[in-house]
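Below is one structure, written out as structure tokens; the observations come after it.
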Amino acid sequence: MLIPTDILKAALICASQEESRYYLRGVHLSTSNHLVTTDGHRMFVARLAERPSADVIIPYNNITAALKLAGARCREIEVTGDRIGQIAYQPVDGTYPDWRRVVPTGEETPSGANDGAEHVHFNNRYIGDFERMADILCGKGKLGQSVLHPVTASAPCLVTFGERADCFGVIMPVRHKADRTAPLTRNVVMAG
């Protein structure tokens with residue numbers, strides 16, 4: 001199967017770097033036709049053109065090596081059962097969590113007076129990472145803006161990338177005391 005390099009580059013931004021969460025230290029190819037990465041605070045999901053024959057987690061280091069070897073002009077990388085591009089890999093021996101459980105449906109309801117979307121706060125670094133993903137996926141200076149779609153201050157928030165319908169992100173809100181604020185930074189748009 002061929003996977004676009006822009007999808008892989010964007011996905012790696014959300015992959016976990018924690019040794020203790022080894023099963024999140026890579027890119028999950030799912031038989032549901034999705035590519036998924038998460039670190040538990042943010043997630044990236046892309047629809048694949050081809051269905052993988054089995055669920056597999058390709059290690060982060062193997063993907064970065066394959067992308068580097070392929071070069072900046074490469075638009076797609078071939079993935080087989082034991083190779084990504086020219087790099088052989090051993091799949092991560094672990095079970096990827098059910099990522100669908102945290103995908104916002106848009107039907108979440110506030111649990112109290114301070115749980116509305118107007119009270120939501122996000123980690124500024126993660127917001128910047130979603131902007132980097134938008135630049136990779138849409139091109140810098142184009143319609144490459146990440147848009148946050150919060151429904152409540154406590155529920156996961158959907159993130160879309162310009163005109164890209166083949167992928168999306170999810171970011172978990174940060175809980176703050178009522179008297180503190182965490183301004184959104186960068187060029188982020190809140191839908192609502």
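A salt bridge between D135 and R132 is absent, with no side-chain N of the basic residue lying under 4.0 Å from a carboxylate O of the acidic one.
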Intermediate values then yes/no, side-chain contact (heavy atoms from CB on, under 4.5 Å), V159 and F168 = CA-CA 6 Å; V159 182; F168 63 90; over 6 Å; no

Stepwise side-chain contact (heavy atoms from CB on, under 4.5 Å) check, I13 with I136 | CA-CA 11 Å; I13 293 171; I136 291 167; 3.9 Å; yes

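Atom CZ of F161 is separated from atom SG of C167 by 6.0 Å, given to the nearest 0.5 angstrom. Within the model, atoms CG of N114 and OG1 of T152 stand 12.0 Å from one another, a figure rounded to the nearest 0.5 Å. Interatomic distance, CZ of F130 versus CZ of R125, reported as 11.5 Å (0.5 Å rounding). One finds the OG atom of S154 at 11.5 Å from the NE2 atom of H119 (value rounded to the nearest 0.5 Å). Interatomic distance, CE of M133 versus SG of C14, reported as 3.5 Å (0.5 Å rounding). Between the OG1 atom in T64 and the NZ atom in K9 there is a gap of 12.0 Å [rounded to 0.5 Å].
Minimum interatomic distance between L137 and R164 (heavy atoms only, all atoms of both residues): O-NH1, 2.7 Å. Scanning all heavy atoms of the two residues, the minimum distance from P59 to P91 falls at CD-CA, 4.4 Å. A pairwise comparison of heavy atoms in P52 and L29 identifies CG-CB, 4.0 Å as the closest pair.
Between M1 and I77 the shortest side-chain heavy-atom distance does not fall below 4.5 Å. Side chains of L35 and F44 form a contact here, defined as non-hydrogen atoms less than 4.5 Å apart. Using a 4.5 Å heavy-atom threshold, the side chains of V170 and P104 count as touching. When side chains are defined from C-beta on, L158 counts as touching T160, because their heavy atoms get closer than 4.5 Å. Contact of the F122 side chain with the L148 side chain is registered, since non-hydrogen atoms from C-beta on lie closer than 4.5 Å. Contact check for R21 versus Y23: side-chain heavy atoms found under the 4.5 Å cut-off. At a threshold of 4.5 Å between non-hydrogen side-chain atoms, the residues P173 and H121 do not count as touching. The closest side-chain heavy-atom distance from M172 to Y126 is not below 4.5 Å.
Y22 and I63 are assigned to two separate hydrophobic clusters, defined by single-linkage of ILVMFWY side chains at heavy-atom distances under 4.5 Å. Linking ILVMFWY side-chain heavy atoms closer than 4.5 Å, directly or via other members, places V56 and L48 in a single hydrophobic cluster. Hydrophobic clustering (ILVMFWY, side-chain heavy atoms < 4.5 Å, transitive): I7 and L67 are in one cluster. No path of Ile, Leu, Val, Met, Phe, Trp and Tyr side chains, each step under 4.5 Å between heavy atoms, connects V79 with V45, placing them in separate hydrophobic clusters. Note on L8: it does not cluster hydrophobically with M43, by side-chain heavy-atom contacts below 4.5 Å among ILVMFWY residues.
Distance alone, capped at 3.5 Å, places no donor-acceptor pair between the R47 side chain and the H34 backbone. E131 places a side-chain N or O within donor-acceptor distance of the main-chain N or O of S146, the cut-off being under 3.5 Å. Looking only at distances, no side-chain donor or acceptor of T37 sits under 3.5 Å from a matching main-chain atom of V27. Side-chain atoms of S16 never come within 3.5 Å of backbone atoms of R25 as a donor-acceptor pair (strictly under, hydrogens ignored). The backbone N or O of R42 sits less than 3.5 Å from a side-chain atom of T38, completing a donor-acceptor pair.
Between H28 and Y96, the ring planes are parallel. Angles under 30° get that label, and only those over 60° would be called perpendicular.
A donor atom on one side chain and an acceptor atom on the other are found under 3.5 Å apart for R100 and S32.
For CG of D93, the number of neighbouring non-hydrogen atoms (other residues, nucleotides, ligands) closer than 6.0 Å is 12 at most. More than 12 heavy atoms of other shown residues, nucleotides or ligands fall within 6.0 angstrom of atom CD in E50.
Sorted by first and then second residue, the salt bridge (charged side-chain N to carboxylate O under 4.0 Å, His left out) pairs involving residues 103-119 (not counting sequence neighbours) form an empty list.
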